[in-house]
Protein chains: 2
Amino acid sequence: MATLKDVAKEAGLSVTQTSRALNDHSDVSVATRERVKDIARSLQYRPNLSARKLVSGRSGLVGLVVPRTYDLASDSMFIEVVSGLSSEFARRDMQCVLHVAQEDEPIIPVYKRLVGNGALDGFVLIDPSHDDKRAAFLSKAKVPFVVHGRIGSDPGHAYFDIDNETIFHDITRHLTDLGHRRIALLNGVEGRTYVAARTRGYLRALTDSRIPPSDAIIRGGAMTESLGLIATVELFSDPANRPTAIICGSVRIAKGVYQALQGLGLSIPDQVSVFAHDDHIAQMKTEAFYPALSVTDAPMRESWQPLAACLDGAISGAPLSDLQVIGSHRTILRHSTAPPCQ
Amino acid sequence: MATLKDVAKEAGLSVTQTSRALNDHSDVSVATRERVKDIARSLQYRPNLSARKLVSGRSGLVGLVVPRTYDLASDSMFIEVVSGLSSEFARRDMQCVLHVAQEDEPIIPVYKRLVGNGALDGFVLIDPSHDDKRAAFLSKAKVPFVVHGRIGSDPGHAYFDIDNETIFHDITRHLTDLGHRRIALLNGVEGRTYVAARTRGYLRALTDSRIPPSDAIIRGGAMTESLGLIATVELFSDPANRPTAIICGSVRIAKGVYQALQGLGLSIPDQVSVFAHDDHIAQMKTEAFYPALSVTDAPMRESWQPLAACLDGAISGAPLSDLQVIGSHRTILRHSTAPPCQ
DNA sequence: CTGTTAGCGCTTTCAT
DNA sequence: ATGAAAGCGCTAACAG
């Protein structure tokens, strides 16, 4: 491997100046800068990460720790996250160190080890919970991190998130505007911050329409077809309290809901309206649902770039306000919602 | 973070001696060694990987690059590999750097970048092909690596593999012993080394029983239920040449075969015998098949430990002969095979 | 058994 | 605009 010294020798400069040229310091003539970079390229020079880390504190390595959960294998979520992040960081000349924690493995010691080794610049946290131990630990250890989602109402950390509260408020609002008053929400696993945000948006919209919170119908669980299937069957088993509309936290859930409604002989949207949020991680085309599914659309794949950017910023010490990003979404109305039947 | 200096000060020793104590050098009294280790523990000392790498050449970081392929998401293979390797390496105080190459991303530049950075000690190569570019590149670059499988007939690299040729020879032999002469092999994707090995074993067993190679029936493809399903239907569509036994490269394939045979009204094992190799990555219990599936059994999860050990050895410069390991397998005869009907 | 010295490859003062 | 020198945290060669 070519070292900085080799480049310096070739350029007829000192190691110092060569380093400065390569790092775009202002006190190097532009001509020299370009010349040195050319030489570096021709020598296939790559800075030694360990050496750089030792002196500058940055190694270009970031950590990603995921718990090995029940549905990790079946869910395409995992591969989506890992693949998206790894290529996004690669683009920034950074690398991901991955650890999959075993089911019985406590998570904090993993971070402790990774942090203690001093080889990593920061972490990406996914699936935050309301009272997130990992974030607490990393904050205390003063290790930069970015969260996919938000922890608490006024987060002191870098994050990328979508506006779950508004999204689910808008969905609910769309349904109340159509005249629905018994609207079910099939949400995710209790404890996740985004699940709480979605509930808030939903409840706020109900309140807006003077629907009492006691009329809220919320079910939660792993976002699978089974949830949609089972929840729907249960909801309709009590004839007196059937919802007229169902909001699904994911397309996968919606798939189950469609199946259940078909089984129950209920037609969409005439008898039941269905609306879902689509993060594009289920490999399902919502326009191919029959009837075509109305969705709010916020592709999760669009989050890797901002996540990487925010972590990069956090490591470089950028001001927090630049590191808190809310992604955009859009609403696609198709044919799965209609006014409730009398 | 506590540094070696802190530990040394606390122990009243020089940094050198402290380092030696921590690394179990023989020229430190056992008492001192223990005392220093205790102090290190109480100070929560963790060696700085970058510093260590810089001087000793080892960082404890190994690379894993996987191509993002069509079936990566659906297949539980990926999570299995990543999770198994990451915890096995963690046990050895090593970490995995992961990169998921995008579909259009050439693979060698990825290795080039990772190697060039000089932060990694070695690589794990999975899914080797007959003419593996990655292995060629790493060999030339003199970077240690271990292969899950073997490349070529007399590999000059560290590997862990199972004896695919013998396994499939034995399966075929079992069927010929029962009297079968038209035996189909549903294999994996062409080009993979293990697929070729399996074909060799199969053909050798046919030859042993004086079945002409022209009577070999081989189909290949991604190891999915679809392959089993489609291949079976096609094989039986020509009444003159129906096989009397089917060997499946994976349990997933066998699942498809069972489905197809049921659909075709063919009974197992009376009309068709079925045998599969079970690597335990499909979450399917072979004893719960009806009739219970006969298999050769070689859990892939048992390969992470030897793979990590071999790479560790390769990095430490152990002799190649210690780094070439063949895993064991066993044969479980159940109720899916019987002599062919007349 | 133990300490001194040197140096891994790089960045950053501090001089010039 | 450039170079000399120091040092990041650690290990290894070389003395005692």
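Reminder, nothing fancy here: chain letters follow the sequence lines and each chain counts from 1.
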[atom1] of [X] versus [atom2] of [N]: gap in Å, rounded?
X	N	atom1	atom2	value
A:R35	D:dA1	CZ	P	14 Å
A:K53	D:dG9	NZ	P	11 Å
B:L13	C:dG3	CG	C1'	10 Å
B:L54	C:dC8	CG	P	9 Å
A:D27	C:dC14	CG	C1'	13 Å
A:K9	D:dG3	NZ	C1'	17 Å
A:L22	C:dT12	CG	C1'	15 Å
B:R33	C:dC1	CZ	P	9 Å

- Item | Salt-bridge present (B:E80, A:R68; N to O < 4.0 Å) | yes
- Item | Residue pairs, two or more places apart or on separate chains, that pass side chain to side chain donor-acceptor pair (under 3.5 Å) and touch residues 108-119 of chain B |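 Sorted pair list comes back empty.
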- With sequence neighbours left out, which residue pairs that include part of residues 44-55 of chain A fulfil the side chain to side chain donor-acceptor pair (under 3.5 Å) condition? A:K53-A:D121
Set of residues satisfying ring-ring contact (aromatic ring centres under 6.0 Å, His included) with respect to [X], sequence neighbours excluded:
X	value
B:F89	none
B:H148	B:W304
A:Y194	none
A:F160	none

- Using a distance-only test with no angle check, is there a side-chain donor-acceptor pair under 3.5 angstrom linking B:T16 and B:S19?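 No pair is found: no donor N or O on one side chain lies under 3.5 Å from an acceptor on the other.
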- Quick one: label B:S50 by what it contacts on the DNA or RNA (base, sugar-phosphate, nothing), any heavy atom closer than 4.0 Å. nothing
- Message: I'd like to check the side-chain hydrogen bond (donor to acceptor under 3.5 Å, both in side chains) partners of A:Q305; sequence neighbours left out, ordered by chain and number.
- Response: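 Residues passing side-chain hydrogen bond (donor to acceptor under 3.5 Å, both in side chains) with A:Q305: none at all.
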- Can you pull out how bent the helix from C:dC1-D:dG16 to C:dT16-D:dA1 is, comparing the axes over its first five and last five pairs, to 10°?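 One end's axis against the other's: 40°.
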- Message: Return a single string for nucleotides 10-16 of chain D, one symbol per nucleotide in 5' to 3' order, where B is base contact, S is sugar-phosphate-only contact and - is none, cutoff 4.0 angstrom on heavy atoms.
- Response: BBBBB--
